[in-house]
Amino acid sequence: MSAPCEPRATAPVSAPPPPVPPVPPVASATASAPAAQRPALDWRIRFAGLSLIWGFSFLLIKVGTEGYAPFQVTFGRLLAGTAVLIAAMMLRRERLPRSARTWGHLTVAALLLNALPFSLFSYAELTIPSTLAGICNATSPLWGMVLSVVALSEDRPTRRRVAGLGVGFLGVLTVLGAWQGFSGLDLPGTGMALLASFCYPVGWIYVRRTLAGTGSSTLALTGSQLCLATAQLAVVTPLFTSAPTSFPLLPTLSVLALGALGTGLAVLLQYGLVQEVGPTTAQMVTYFIPVIATAAGVALLGEQLSWNTPVGALVVLVGAALTQSRPHRNAAPPAPPPAPGSPSIGPAGRDPRLPQP
């Protein structure tokens, strides 16, 4: 779907967010963990793959809603993504968390980081272009800074970050065409997409405060979180939708790809990147997601693009980058690298999980 490293605790993925993603709960790092082997595939290739997967997720959501109800799209992607992570957990012989308290917090995290934002994006794309949904997803760092000022007392805003917040929301107004009175814009759909992006920093802050130091691995917590989100949608979906009478090929493949790639494989790729190159470099994928989402929507879905959409998106990304900046402290020692499998959570509610679309 990204922060200074603190080796004390880590968190499972949201997902998306890109970010992002998102992209993307918490595991404790142990000094005795064995050194991770360097993957055979260069990290730049995996970075590009992650950018493409999450960038194309908005297109896949759009295609999926052409054949299924939004809750069904969300349930399908969570089910497929959970299957991928459970398979990874079995291969690595990971154990599920044992504490009832941990499962309780994971239930809330699953709602805030998976079930709710995924459903909101699916409903939003019934009425708005996938390009606009992708750009709305990029506003998560802006919401994160606003919330961090209130919720995280140790994360004081600097002038640069405050300026970034103003620039970012100016970009949002540009994308939405505020000077035209939001003419031609579907306000409910856009509002749901923005609310979905708002869910991610809320979830990150909740995770940071409740799931640090659980003793479980990142993969175990992430897989558990997705299992709970899938269960939540399994309860909600039958209440609001009827069982599908057909399974159209393209929407079905889109939902499966959205889950297996965008909610399963992408999580594994993203944590591998955090472990190898650090969260700061890994979070840069957030800034490629709206670009790829826009290109995919225009080229493959024939969505219309006016000048204010790419210009506003660029302004949003500049503002988001400024809100993530930190002052340089020459006297401060370099941050230690995260323990294998333990990406850390940093200030402003930012953690290595990027907001998944």
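Computed from a predicted model, the values in this text were never measured in an experiment.
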Rounded to the nearest 0.5 Å, what separates atom [atom1] in [X] from atom [atom2] in [Y]?
X: Leu268; Y: Leu273; atom1: CG; atom2: CG; result: 11.0 Å
X: Tyr206; Y: Leu112; atom1: OH; atom2: CG; result: 8.0 Å
X: Tyr271; Y: Ser217; atom1: OH; atom2: OG; result: 10.5 Å
X: Thr286; Y: Leu317; atom1: OG1; atom2: CG; result: 9.5 Å
X: Leu50; Y: Leu261; atom1: CG; atom2: CG; result: 11.0 Å
X: Leu185; Y: Thr190; atom1: CG; atom2: OG1; result: 3.5 Å

What is the minimum heavy-atom distance between [X] and [Y], and which atoms define it?
X: Ala282; Y: Val274; result: CB-CG2, 3.7 Å
X: Ala138; Y: Val316; result: O-CG1, 4.1 Å
X: Ala124; Y: Ala193; result: CB-N, 3.9 Å
X: Thr323; Y: Leu165; result: CG2-N, 3.5 Å
X: Gly144; Y: Pro201; result: CA-CB, 3.4 Å
X: Ala110; Y: Ala229; result: CB-N, 3.6 Å

Side-chain heavy atoms under 4.5 angstrom apart, residues restricted to Ile, Leu, Val, Met, Phe, Trp, Tyr: same cluster for [X] and [Y]?
X: Leu170; Y: Val146; answer: no
X: Leu253; Y: Val73; answer: no
X: Val298; Y: Leu314; answer: no
X: Val235; Y: Leu78; answer: no
X: Leu147; Y: Leu142; answer: yes

For Arg44, what residues pass the salt bridge (Lys or Arg N to Asp or Glu O under 4.0 Å) criterion, not counting sequence neighbours?
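Partners of Arg44 under the salt bridge (Lys or Arg N to Asp or Glu O under 4.0 Å) test: Asp42.
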Checking side chain to side chain contact (heavy atoms under 4.5 Å, CB included) for the pair Leu233/Ser119: CA distance, chi angles, key distance, verdict?
CA-CA 9 Å; Leu233 264 295; Ser119 298; 4.0 Å; yes
Heavy-atom side-chain contact between [X] and [Y] under 4.5 Å:
X: Ile53; Y: Leu269; value: yes
X: Phe56; Y: Leu300; value: yes
X: His105; Y: Val207; value: no
X: Leu322; Y: Arg161; value: no
X: Val175; Y: Leu132; value: yes
X: Met89; Y: Leu96; value: yes
X: Ser216; Y: Thr102; value: no
X: Phe169; Y: Trp143; value: yes

Could you tell me whether the side chains of [X] and [Y] share a donor-acceptor contact shorter than 3.5 Å?
X: Ser224; Y: Trp103; answer: no
X: Tyr68; Y: Thr241; answer: no
X: Ser197; Y: Thr139; answer: yes
X: Glu303; Y: Ser130; answer: yes

Measure from the side-chain N and O atoms of [X] to the backbone N and O of [Y], and report whether any donor-acceptor pair falls under 3.5 Å.
X: Asp186; Y: Ile128; value: no
X: Glu125; Y: Leu120; value: no
X: Trp43; Y: Glu276; value: no
X: Ser246; Y: Pro248; value: no
X: Gln72; Y: Ser242; value: yes

Take Val108 and Thr210 through the side chain to side chain contact (heavy atoms under 4.5 Å, CB included) test and state the conclusion after the steps.
CA-CA 10 Å; Val108 178; Thr210 61; over 6 Å; no
Parallel, tilted or perpendicular: which fits the ring planes of Phe58 and Phe121, with parallel below 30° and perpendicular above 60°?
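Perpendicular, since the angle between the ring planes exceeds 60°.
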Are more than 12 heavy atoms from other residues, nucleotides or ligands located less than 6.0 Å from atom CZ of Phe288?
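No.
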Worked check of side chain to side chain contact (heavy atoms under 4.5 Å, CB included) between Leu60 and Arg77
CA-CA 10 Å; Leu60 295 176; Arg77 73 177 292 186; over 6 Å; no
Verify side chain to side chain donor-acceptor pair (under 3.5 Å) between Thr230 and Thr82, making sure each step is shown before the conclusion.
CA-CA 8 Å; Thr230 304; Thr82 300; 2.9 Å; yes
Using the rule side chain to side chain contact (heavy atoms under 4.5 Å, CB included), only one of Leu79, Leu106, Asn114 pairs with Leu226; which is it?
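Considering Leu79, Leu106, Asn114, a side chain to side chain contact (heavy atoms under 4.5 Å, CB included) with Leu226 is found only for Asn114.
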Apply the test side chain to side chain contact (heavy atoms under 4.5 Å, CB included) to residues Lys62 and Leu301: give CA-CA distance (whole Å), side-chain angles for both, the deciding distance (0.1 Å), then the verdict.
CA-CA 9 Å; Lys62 190 74 171 179; Leu301 297 179; 3.9 Å; yes
